[in-house]
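See structure below.
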Amino acid sequence: MGHPSEDLAEIVYNFRSSNRNQRIPLALDESIYQQRREKLKRIEALGQTAYRTRYEFTHTIPQIWSQFDKPVEELEARRVNVRVAGRIMAIRLMGKAGFAHLQQGGQKLQIYVKKDAVGENGFELYKLLDLGDHIGVSGYLFRTRTGELSVHVEEITFLSKDLLPLPEKWHGLTDVELRYRQRYVDLVMNPEVREVFLKRSKLIQSARRTLDGHGFIEVETPMMQPIAGGAVARPFVTHHNTLDMDLYLRIAPELYLKRLVVGGLDRVYEINRNFRNEGLGWRWNPEFTMMEAYQAYTDYQGIMNVTQEVITEASIAVNGNTKSKWTVREGGTESVHELDWANWQRMTMREAIIKFWPEVGAKPEMSDFASAEGVKKLVERFNRAHSHMAYDPNEPTGKTIAALFEAAAEEHLTQPTIIYEFPTAVSPLSKQKADEPEWTERFEIYAGQMEISNGFSELNDPEDQRRRFEAQLKERERGDEEAHQMDEDYIRALSYGMPPAGGVGVGIDRLCMLLTDSHTIRDVILFPVLRPEKSTTTEGAEAK
RNA sequence: GGGCGCGUAGCUCAAUUGGCAGAGCAACUGACUCUUAAUCAGUAGGUUGAAGGUUCGAUUCCUUCCGCGCUCACCA
């Protein structure tokens with residue numbers, strides 16, 4: 001019978017011999033690999049199945065800890081028989097007895113294997129086990145002399161072999177690249193990594209629960225779109241062969257969700273991936289998860305309140321309360337902040353610029369924002385008082401004000417803060433303020449120096465929408481590749497009449513970072529985008 | 001793309017001004033029936049990321065390349 005590991009071993013061997021200079025992370029180590037294959041054969045010779053199909057356990061390891069972490073007398077009073085499975089994370093052999101730690105469900109449990117209890121054959125099996133192997137054991141619970149809850153094993157069942165060595169048990173896996181590339185090893189070795197992703201799951205569950213509670217329905221809209229709309233970003237392009245047409249991976253679901261609001265789905269949301277063909281960084285991954293929600297018959301204030309509730313509830317779901325720790329590192333010093341998701345600040349963009357203006361004693365006036373001249377002077381003042389800010393005198397004034405806000409205020413926004421009223425020039429899909437057409441009913445939520453959310457009163461006047469798109473096209477001609485494209489079908493949809501609505505997007509990855517004190521987006525995405533693994537030396541150089 | 005830093009055994013890390021490339025864990029052999037970073041005795045494991053240069057001699061100095069990290073720019 002064909003043994004799967006034989007083929008693999010050959011592949012591994014050939015791979016190694018044809019790539020002598022290649023760095024192979026975490027060892028496709030031939031000698032250890034071969035040794036462990038040999039052991040596997042000997043394990044089979046003992047009557048075990050190499051890769052069995054199932055194991056009927058009575059308890060998970062977390063269940064054992066929660067149910068039986070009792071005093072010795074209680075454990076001895078009634079013998080508790082258990083069958084548990086797990087991965088061997090530590091093993092200590094002492095002649096005719098030994099201990100091991102099994103890891104399962106993120107927790108560890110010690111087992112005690114005595115030759116007298118498991119028999120000759122069982123003990124032979126125990127001696128052939130390696131770190132990383134999966135086994136099942138049956139036996140009874142007891143406490144060792146040092147008091148550790150353990151399984152007194154009566155039978156060992158071999159479940160699966162680890163042919164590659166796990167990282168060193170003490171330091172574990174710290175190499176950042178290997179952690180992301182081989183997340184499976186990272187998850188085995190680093191319980192805090194596992195914890196972050198469990199929290200991420202709770203965060204998303206909670207967001208769904210809150211929105212569902214408000215009568216929203218979850219929908220799925222296209223990931224592949226003929227026009228990448230709904231945001232300002234460069235898209236990825238792909239091609240459909242049969243239709244012979246280019247499609248874009250979506251940069252936002254926005255325009256499709258609003259089409260649904262036109263269609264009478266008054267409260268919709270989607271939690272899914274967006275793709276933006278831009279740089280990577282501690283806050284940026286090319287694909288990231290966005291929650292977008294639209295509610296008919298309300299405005300930006302209404303959706304702002306819903307969003308705030310979603311986030312506050314998420315904090316409770318993830319951390320048990322509305323507080324979360326946020327560590328800020330600035331020039332070697334570390335300061336720990338406590339983010340309070342029940343205490344929100346609100347200020348307009350203009351107020352924020354004034355509040356965080358770097359010049360001492362000479363804050364801008366509201367009237368300074370009213371003219372292109374006034375704003376230009378502000379940029380000059382800012383650049384004298386602070387580091388240089390990029391500025392193109394031909395760009396629309398509103399765009400400059402938004403850049404001024406990012407330069408002056410963003411770095412100060414640690415506690416949850418809602419910034420509202422954005423320039424019309426940078427808000428092609430938002431409804432204007434009734435009394436100030438240069439400004440829109442739009443808000444963004446900031447925390448931990450990051451933008452995590454963006455929402456507004458949805459522009460539902462099709463003719464205004466057409467003019468906004470046309471203004472964006474001008475920006476595009478000016479060289480702004482990210483300016484919004486014209487979407488005729490979206491304008492047609494609006495022409496059928498969209499009810500007044502408020503909409504919002506929340507960056508789930510960034511929110512997850514904030515709630516788990518993670519300081520790179522790669523720590524909250526299981527498989528972040530990395531360069532492909534490739535040969536480092538001669539081959540790489542030749543390829544150039 | 002710019003700047004800074006790093007790359008040594010499977011993993012975590014050493015190596016004096018440029019002078020024989022080392023330790024712990026993991027692995028292998030042996031001892032050990034309550035250990036938990038188990039212990040004890042022994043063994044094996046390296047083209048020091050790659051190529052070139054300087055030198056009697058390079059892990060160390062120089063150049064280029066590759067890979068990774070941080071950061072700036074880009075990026076709502």
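We name chains A, B, ... by the order of the sequence lines, and we start the count at 1 in each one.
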Query raised in the report: Pick the nucleotide of RNA chain B nearest each of A:Tyr112 and A:Ala90; which residue has the one closer to the 5' end?
Result: A:Tyr112
Query - Any N/O donor-acceptor pair, A:Glu148 side-chain to B:rU35 base, under 3.5 Å - result: no
Query raised in the report: Side-chain contact, heavy-atom cut-off 4.5 Å: A:His412 with A:Lys355?
Result: no
Query raised in the report: If you look at every strand shown and take non-hydrogen atoms under 4.0 Å, does A:Lys114 touch a base, only sugar-phosphate, or nothing?
Result: base
Query raised in the report: Would a 4.5 Å heavy-atom cut-off, applied to side chains only, mark A:Tyr269 and A:Val506 as touching?
Result: no
Requested in this report: Consider only side-chain N and O atoms of A:Thr414 and A:Gln449, and report whether a donor and an acceptor are under 3.5 Å apart.
Outcome: yes
Requested in this report: Name the closest nucleotide to the A:Leu178 side chain, picking from B:rC74, B:rC11, B:rC34.
Outcome: B:rC11
Query raised in the report: Counting any heavy atom closer than 4.0 Å, what does A:Ala233 reach on the DNA or RNA strands: base, sugar-phosphate only, or nothing?
Result: sugar-phosphate
Query raised in the report: Base, sugar-phosphate, or nothing: which does A:Arg522 touch, judged by heavy atoms less than 4.0 Å apart?
Result: sugar-phosphate
Query raised in the report: What string of B, S and - do you get for nucleotides 22-32 of chain B, 5' to 3', when a contact is any protein heavy atom under 4.0 Å?
Result: --BBSSS---B
Report task. Would you please indicate yes or no on a ring centroid separation below 6.0 angstrom for A:Tyr300 and A:Phe422? Result -> no
Requested in this report: Have a look at A:Phe142 and say if it touches a base, only the backbone sugar-phosphate, or nothing, with a 4.0 Å heavy-atom cut-off.
Outcome: base
Report task. Classify the angle between the aromatic ring planes of A:Tyr112 and A:Phe142 as parallel (below 30°), tilted (30 to 60°) or perpendicular (above 60°). Result -> tilted
Report task. Step by step, work out the side chain to side chain donor-acceptor pair (under 3.5 Å) result for A:Gln110 and A:Arg92. Result -> CA-CA 11 Å; A:Gln110 181 169 262; A:Arg92 295 176 289 280; 2.9 Å; yes
Report summary line: Per-residue pairing states of RNA chain B in dot-bracket (Watson-Crick or G-U under 3.5 Å; . unpaired, | other strand) read (((((((..((((.....[..)))).(((((.......))))).....(((((..]....))))))))))))....
**Report entry** A:Arg250 side chain reached by A:Asn272 side chain, heavy atoms, under 4.5 Å
**Finding:** yes
Query raised in the report: Would you call A:Arg510 and A:Glu444 a salt bridge, taking side-chain N to carboxylate O under 4.0 Å as the test?
Result: no
